[in-house]
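See below for the structure under consideration.
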Amino acid sequence: MNLEPTVHVVDDDPAVRDSLLALIGSVGLRVQLHESARSFLEDHDPEAPGCLVLDIRMKGMSGLELQSQLRDRGITYPVIIVTGHGDVPTAVRAMREGALDFIEKPVPAQVLLDRIHQALQVDTDTRRTHDELARRKELVDALTPREQDVLGLVTQGKATKQIALELGLKPKTVDAHRGRILRKLSCESVVDLVNLVGEIRLLSQHLEGNAHAVEDPGTLTGH
Amino acid sequence: MKNPGGWDILQVGQGQVLKLLATGRPLAEVLEALVRTLEAHSEGMLGSVLLLDREQGRLRHGAAPSLPDGYNQAIDGIAIGPAVGSCGTAVHRGARVIVEDIHQDPLWARFREVAQGYGLAACWSEPIKALDGSVLGTFAMYYGVPRGPTEEDLRVIEWAANLAGIAIERFQMEESQRREQEILERRVQERTAELEQAQALARHQHEELAHVLRVSTMGELVAELAHELNQPLEAIVNYAGASSRLLDAGSHDKVGENIERIAEQAERADAIIRRLRALVRRGESERRPLDLNEVIAGVVPLIETDCRRHDISLQLDLARDLPAVLGDEVRLQQALLNLTRNAVEAMAADGSEAPTIRIRTEAAGSDGVEVSVRDAGPGLAPAIAERVFDSFFTTRAAGLGLGLSITRTIVEAHGGRVWAGNEDGGGATFRFVLPVPTTGARS
């Protein structure tokens with residue numbers, strides 16, 4: 001399983017495919033070529049980070065259809081759309097479907113490479129965030145249900161007596177729970193606990209934000 | 001030895017054998033049933049059917065359920081000849097061979113030991129013959145002690161060979177029928193494939209024609225050109241970009257290849273331009289004497305397809321002996337197609353009850369030849385009738401409103417004129433008239 005970032009080029013014209021391989025390969029990036037949207041869906045390895053360079057007009061499954069397929073399957077590669085001349089309405093739709101950017105043919109080489117680097121960064125970012133979130137969530141999930149109840153109330157800033165009242169426990173029990181929670185989550189104080197829960201919330205939001213990533217609308221490229 | 005049960009056993013057995021044959025059981029099964037029937041009838045007898053491979057001149061195992069496997073294997077494939085046991089000799093002579101004592105008989109000289117090793121002492125072999133007298137194989141009876149046949153035995157062995165012959169011939173006939181069937185089926189498949197290919201070719205040419213007719217205006221040609229050229233141009237840009245980056249990084253690897261690819265893609269772009277240039281040239285006017293009926297016939301399939309898609313019926317009312325006009329066939333076809341397209345759209349939008357298009361040609365005296373396209377749509381409002389042939393005039397949401405103006409351009413370029421009006425019975429008629437050359441050329 002190769003975890004090197006891979007640029008997936010999807011285009012039904014063989015010369016364009018091969019030339020993109022040459023160009024993107026010339027800056028040392030790993031490229032995988034696909035002659036159709038369908039073969040991309042079948043052949044790519046979702047574990048590896050990467051991005052998509054997609055020709056919007058292809059026979060068979062169109063670029064737009066592929067985008068909705070990606071969404072359905074939870075594939076989060078950032079997508080760079082390459083469109084034919086004057087195909088602005090389609091490009092706009094593609095952007096609304098969540099593409100990172102669209103570029104008109106013939107694409108200036110440096111522009112494409114810049115976008116690709118950007119896209120790969122977004123993807124790596126997203127994956128790292130994902131992993132962090134997963135790690136933290138795991139820790140919290142490892143708590144017993146009772147401990148999770150206590151954690152919830154602790155991070156709301158409630159005092160031991162209050163928590164004991166709400167959960168119908170003895171104050172000493174609540175303290176004991178809190179001690180165990182701190183230990184299990186490797187936190188030194190309640191402040192740390194609050195931060196941890198806050199981070200989980202933040203990371204979730206960040207992931208949702210990336211799914212609609214248009215980093216900077218100002219970079220919609222014409223030339 | 002007594003024959004218990006006699007001919008009754010044989011009759012019952014025959015019935016069974018024939019039933020197996022009729023129900024399409026494999027030949028081996030049928031022959032085995034036959035042999036067992038005979039063994040049930042003749043106590044102590046071991047039977048065998050061998051089949052003749054005429055090409056190779058060898059006998060092959062048919063059925064011998066009671067003979068030892070080793071023996072059957074030993075004699076399988078034996079070549080026939082004048083002194084090859086009982087069976088090989090019987091086939092060779094085409095006549096019955098009775099060997100009462102294997103140990104003594106010269107015919108078994110080569111196989112004496114094998115036979116005796118398996119406890120076989122006597123062998124009577126009857127050739128199995130087809131209706132035409134050719135030999136199909138042998139039916140043999142073996143005994144463990146030397147003995148000769150009685151009259152009864154001979155009748156039985158003849159009977160057995162007969163029945164075996166029926167089975168084998170029937171089987172061979174079915175085999176050859178099956179083979180012929182396969183050949184026929186294969187031929188049908190090939191023919192079907194040819195048909196499909198021809199259809200595909202026709203469809204392709206249809207599309208090409210429709211395409212040519214569609215892009216015969218300059219603007220569309222340019223758009224087509226730009227679109228097709230994008231691919232090789234993009235490839236060239238990419239290869240060039242790749243090469244300069246590689247060289248910057250100090251690597252010469254693959255640069256040569258990339259440059260070759262650039263040249264290839266430039267060729268490809270050139271070919272596209274050349275092709276489109278030829279199309280433009282074809283699009284330029286060629287004036288030839290034309291029979292308008294034939295010109296129309298050329299695009300009727302296209303019009304029909306359009307009509308069929310909208311459940312519109314197409315009627316042709318073409319005059320005989322039309323005088324020839326001087327013109328460009330492709331252009332005139334486009335002029336007509338634009339009119340029929342317009343008629344289709346008028347009726348599709350209207351939801352007319354009995355949508356019809358009638359194309360008519362008639363001689364129009366000194367004016368020349370008139371072509372009219374009549375539809376069963378809503379007709380033209382008076383304000384529209386004047387402007388309907390103007391460029392970019394359209395009453396519909398889709399479309400640029402160029403079709404009818406193109407028709408006018410083409411017709412007027414031919415020295416004719418075009419106009420439209422409503423019919424009393426409903427619908428509109430679009431007409432154009434083309435002049436006939438005064439030199440009196442006839443098609």
Side-chain angles (χ1 to χ4, degrees), chain A residues 7-36 53-59 62-63 80-91 102-117 221-223, chain B residues 200 203-204 207 211 215 217-276 397-400:
Chain A
V7 180
H8 294 278
V9 170
V10 186
D11 195 306
D12 59 2
D13 186 293
V16 169
R17 271 202 309 274
D18 186 62
S19 64
L20 284 172
L21 172 63
L23 175 63
I24 304 173
S26 76
V27 295
L29 287 172
R30 186 161 175 269
V31 180
Q32 197 178 28
L33 299 178
H34 308 272
E35 65 175 6
S36 70
V53 175
L54 184 55
D55 187 321
I56 198 78
R57 280 196 186 292
M58 288 183 291
K59 302 191 189 73
S62 76
I80 297 169
I81 303 273
V82 177
T83 84
H85 177 76
D87 198 6
V88 174
T90 318
F102 83 89
I103 323 178
E104 274 181 16
K105 290 196 261 213
V107 178
Q110 195 53 50
V111 171
L112 179 63
L113 292 173
D114 287 343
R115 288 292 162 274
I116 288 175
H117 279 119
T221 350
H223 44 84
Chain B
R203 217 175 304 140
H204 174 75
E207 283 169 10
H211 177 74
V215 300
T217 55
M218 193 53 73
E220 291 172 37
L221 274 174
V222 170
E224 172 88 8
L225 183 97
H227 181 75
E228 280 207 40
L229 281 178
N230 269 334
Q231 315 289 67
L233 281 179
E234 181 179 349
I236 289 173
V237 166
N238 290 336
Y239 283 125
S243 302
S244 70
R245 276 167 186 74
L246 287 168
L247 290 174
D248 279 346
S251 161
H252 292 253
D253 194 31
K254 296 212 171 126
V255 171
E257 239 182 77
N258 289 346
I259 292 179
E260 270 177 43
R261 300 274 168 280
I262 289 176
E264 276 171 26
Q265 291 303 302
E267 255 301 317
R268 180 181 167 191
D270 190 44
I272 292 171
I273 294 176
R274 261 182 285 135
R275 210 182 77 213
L276 287 166
L400 284 170

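Every chain is numbered from 1 and lettered A, B, ... according to where its sequence line falls, protein lines coming before strand lines. A quick note: this is a predicted structure, and the numbers were derived from the prediction, not measured.
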* Hey, are the side chains of B:E234 and A:D13 touching, using non-hydrogen atoms and a 4.5 Å cut-off? -> no
* Could you tell me which portion of A:L21 (side chain, backbone, both or neither) has an atom closer than 4.5 angstrom to a non-hydrogen atom of chain B? => neither
* Asked: Minimum heavy-atom separation for A:A109 to B:V237, with atom names?
  -> N-CG1, 4.3 Å
* So among A:L20, A:L23, A:D18, which one has a side-chain contact (heavy atoms from CB on, under 4.5 Å) with B:Y239? -> A:D18
* Structure fact -> Highest number of heavy-atom pairs under 4.5 Å with chain B among A:A22, A:S19, A:A15, A:G25 belongs to A:S19
* Residue B:Q231 versus chain A: region with a heavy atom under 4.5 Å -> both
